[in-house]
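Letters A, B, ... are given to chains in the order of the sequence lines, protein chains preceding strands, and every chain is numbered from 1.
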There are 2 protein chains.
Amino acid sequence: MVKMKDIAKVTGYSITTVSKAFNGYKDISDDAKKIILKTADDMGYIPKANARSLATKRSLMIGIIFDEALGFGIRHPFFGAVIEFFKEEVEKDGYDIIFISKNIGKSNVKTYLDHCRLRGVDGVFIACANFDNPEIQQLINSNIPSVTVESFDNKIHSVNSDDFHGLYMGVEYLARLGHTKIAHIAGDATALAGQERKRGYLAGLKNEGIEAVEDYLVGGNMFSFDSGYKAMKVLLGLDNPPTAITTSGDMMALGAIKCIRDAGYHIPRDFSILGYDNIDMLEYMALGITTIAQNVSQMGKKAANILVQNIKVPGMNKKEIILDTKLVIRESCRDLNQA
Amino acid sequence: MVKMKDIAKVTGYSITTVSKAFNGYKDISDDAKKIILKTADDMGYIPKANARSLATKRSLMIGIIFDEALGFGIRHPFFGAVIEFFKEEVEKDGYDIIFISKNIGKSNVKTYLDHCRLRGVDGVFIACANFDNPEIQQLINSNIPSVTVESFDNKIHSVNSDDFHGLYMGVEYLARLGHTKIAHIAGDATALAGQERKRGYLAGLKNEGIEAVEDYLVGGNMFSFDSGYKAMKVLLGLDNPPTAITTSGDMMALGAIKCIRDAGYHIPRDFSILGYDNIDMLEYMALGITTIAQNVSQMGKKAANILVQNIKVPGMNKKEIILDTKLVIRESCRDLNQA
DNA sequence: ATTATCACAGAAAACGCTTTCGTTAAAGAA
DNA sequence: TTCTTTAACGAAAGCGTTTTCTGTGATAAT
């Protein structure tokens with residue numbers, strides 16, 4: 001592999017000057033620069049990131065933390081998408097992403113922070129994690145710049161959706177369609193998103209003058225398909241079941257739909273369903289599912305921008321960005337007015 | 001950050017001996033080793049991968065190439081899953097994965113190979129790529145070990161599904177249900193998978209004594225939802241439309257289903273649909289879609305194993321692995337016998 | 001008692017790059 | 001002319017490891 005030394009030899013310049021040609025130093029003549037760059041190109045020179053990192057203490061790598069109970073990994077319908085947009089954005093600045101897991105190989109790397117240090121990442125994107133996890137705390141208390149989405153911790157930058165308003169908007173829509181018996185399948189109560197969406201649901205109800213029914217508020221553990229299925233099952237068992245069901249995530253909505261269908265009912269004839277997230281999958285379903293869309297691409301991009309910025313200017317103030325949500329109307333909610 | 005030098009100072013041993021303690025050298029006493037390891041642990045020592053790579057010329061990083069026209073990136077329903085399993089497997093050996101794209105930042109990195117060299121990856125997993133692409137050729141002709149799935153090139157290890165038999169089995173199943181008017185929405189004709197599945201379809205037909213109808217063989221560009229939708233549209237326009245439609249991918253099947261539904265028909269009453277791949281998404285659909293499952297986890301794992309092996313013993317013979325496919329029966333195919 | 005073997009340890013070079021600082025010659029100021 | 005500034009360049013140290021090779025004292029073999 002051709003290295004700077006080789007270019008130096010061919011051009012007659014020193015290694016120092018060669019290096020300067022690449023790194024925008026001013027104390028080098030235009031001539032020298034031109035010759036060196038040309039020669040480097042001809043010789044097919046590619047700098048070695050490792051060596052460079054060693055010298056500069058910058059790796060141009062960003063770690064991704066993906067600490068979710070569901071085990072989807074990269075395939076997670078929501079976070080997978082956020083990461084994709086995040087990745088595309090940081091690549092513009094020359095960063096590569098790397099997945100941070102504990103237990104890497106046989107080494108003595110045992111924690112997220114260890115792995116970050118091993119690879120010398122310049123920053124870390126905590127895409128999905130429980131902030132009660134001591135390992136996560138250890139990480140965000142370290143000197144490694146970090147950003148997260150869909151969660152909040154005052155030690156770290158975050159970008160979130162306006163989840164409160166999202167569900168608020170959702171029940172507003174349902175009420176407009178004539179629904180009064182509106183349920184909510186809540187997401188993880190320990191997650192910010194789960195809490196906010198539930199709050200939005202409750203506030204939406206109040207706003208419409210609808211009294212909250214205790215039985216209509218179910219779920220509350222995970223955001224999963226199964227959890228949605230189970231929650232729907234209890235809703236179905238009620239003496240006076242709801243006509244519309246809001247959810248804290250599309251996967252739960254999908255689970256609920258499956259449950260409804262298994263019970264022999266039809267959507268939206270018998271039950272109206274409102275999803276949350278607007279994951280890609282919905283595009284491909286035969287039955288169009290009405291949902292509250294998060295701005296996934298913005299979420300990924302903003303997170304990327306903030307992190308990169310923080311890497312460049314270390315002492316940056318904590319930023320918290322809130323993204324608008326949007327109601328995406330498809331076919332899963334019935335208009336009771338035109339019965 | 002604590003480095004070997006610090007451990008050396010504290011323990012009184014030399015840097016050399018400290019290094020030996022970590023790397024399984026034999027010319028070090030048990031005592032020394034124990035003391036060094038203990039001290040390292042106490043001091044929270046984590047080796048720096050960069051420095052190590054520089055010295056060893058191994059990076060413990062594997063590049064992932066994801067060169068697909070669809071633009072899904074990481075979110076690709078099929079390859080995303082393969083990559084996840086691949087990742088989990090290589091992590092056991094201490095490898096991290098990194099996504100290889102051209103045009104990385106402002107650097108003079110312009111090709112996949114450039115990016116690989118920049119990062120010094122030990123191997124590369126060509127998850128999805130067109131082997132006619134000169135950049136891909138450049139890469140597999142380099143000295144970097146590589147492996148691919150769902151494609152074939154005699155220069156590189158590959159793991160594939162028995163796609164031929166998959167579709168063969170599919171039409172066999174459909175014929176058993178009483179179907180004789182069986183169509184096929186073909187995948188990309190330039191892709192091995194697309195070709196093999198089509199071959200399997202044709203062979204299956206012949207095996208059942210069913211004459212192939214030219215009009216029943218449609219599609220042939222991409223594996224996408226849209227492509228499936230469009231292909232189904234022409235099938236629907238036929239004077240004598242098929243009763244069953246096999247596809248070269250679940251996304252196409254989903255597109256076809258949408259098309260059928262938009263046209264006011266019902267599945268499986270009016271048309272039977274057979275998917276291919278068994279992507280995760282199918283689990284969550286209200287209508288269970290019968291499909292030919294590829295063994296995604298095995299595909300990812302085998303690819304990982306082969307690549308890691310090849311990294312360790314460079315001159316390894318080219319391997320080609322063929323995985324079994326499996327018919328997964330759900331609800332989308334109608335049994336014509338019990339009409 | 002002498003030599004060969006062995007177990008253990010460390011010095012030093014190497015990996016490929018960046019960056020500080022010093023040097024030189026030419027140009028400008030006095 | 002002499003002094004100061006400036007532009008261009010290179011020497012060398014440093015980043016944190018690994019690895020080869022040499023050295024030493026103790027033990028075993030002769």
Identify, with sequence neighbours excluded, every residue that meets side-chain hydrogen bond (donor to acceptor under 3.5 Å, both in side chains) alongside [X].
{"X": "Ser142(A)", "result": "none"}
{"X": "Asn130(A)", "result": "none"}
{"X": "Ser151(A)", "result": "Thr148(A)"}

Name all residues meeting the ring-ring contact (aromatic ring centres under 6.0 Å, His included) criterion together with Phe72(A); count only those two or more places apart in sequence or in a different chain, and write none if there are none.
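Once residues adjacent in sequence are excluded, the partners of Phe72(A) under the ring-ring contact (aromatic ring centres under 6.0 Å, His included) criterion are His76(A).
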Its 5'-most and 3'-most nucleotides having an atom under 4.0 Å from a non-hydrogen atom of chain B, DNA chain D is contacted over dG16(D) to dT20(D)
Under a 4.0 Å heavy-atom criterion, DNA chain C is touched by chain B from dC8(C) to dG16(C)
Roughly how bent is the helix from dA1(C)-dT30(D) to dA30(C)-dT1(D) end to end, in steps of 10 degrees, with each end axis from five pairs?
50°
Just checking Asn317(A): does its CG atom have more than 12 heavy atoms from other residues, nucleotides or ligands closer to it than 6.0 angstrom?
no
Consider only side-chain N and O atoms of [X] and [Y], and report whether a donor and an acceptor are under 3.5 Å apart.
{"X": "Thr17(B)", "Y": "Ser14(B)", "answer": "yes"}
{"X": "Glu150(B)", "Y": "Asn160(B)", "answer": "no"}
{"X": "Asp188(B)", "Y": "Thr190(B)", "answer": "yes"}

May I ask you to establish whether Lys301(A) and Phe86(A) are in a cation-pi arrangement, using a distance under 6.0 Å from NZ or CZ to the six-membered ring centre and at most 45° from the ring axis?
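Pair Lys301(A)/Phe86(A) does not count as cation-pi.
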Lys/Arg-Asp/Glu bridge criterion (N-O < 4.0 Å) met for Lys312(A), Asp93(A):
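Looking at Asp93(A) together with Lys312(A), the answer is yes, because their closest N to O distance falls below 4.0 Å.
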NZ/NE/NH1/NH2 to OD/OE distance under 4.0 Å, Lys34(B) and Asp30(B)
no
Ring pair (Phe, Tyr, Trp, His ring centres under 6.0 Å) contacts touching residues 15-48 of chain A (sequence neighbours left out):
Phe22(A)-Tyr45(A)
Near DNA chain D, which residues from residues 2-13 of chain A have a heavy atom under 4.0 Å away?
Gly12(A), Tyr13(A)
I need the residues from residues 28-50 of chain A with at least one non-hydrogen atom less than 4.0 Å from DNA chain D; give them sorted by number, or say none.
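Within residues 28-50 of chain A, the residues near DNA chain D are Ile28(A), Ser29(A), Ala32(A).
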Between Phe78(A) and Met299(A), is any pair of side-chain heavy atoms under 4.5 Å apart?
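Yes, side chains in contact.
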Going by the side chain to side chain donor-acceptor pair (under 3.5 Å) test, which pairs reach into residues 50-59 of chain B, not counting sequence neighbours?
Ser59(B)-Asp122(B)
Name the nucleic acid region contacted by Thr16(B), choosing base, sugar-phosphate or nothing; use a 4.0 angstrom heavy-atom cut-off, strictly under.
base
Taking only distance into account, with no hydrogens and no angle test, what donor-acceptor pairs under 3.5 Å do side-chain atoms of residues 3-11 of chain B form with protein atoms, sequence neighbours excluded?
from, atom 1, to, atom 2, distance (Å)
Asp6(B), OD2, Lys3(B), N, 2.8
Thr11(B), OG1, Ile7(B), O, 2.8
Thr11(B), OG1, Ala8(B), O, 3.4
Thr11(B), OG1, Tyr13(B), N, 3.3

Need to verify one output field. Residue with the more 5' nearest nucleotide on DNA chain C, Asp27(B) or Leu54(B)?
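Nearer the 5' end of the strand: Asp27(B).
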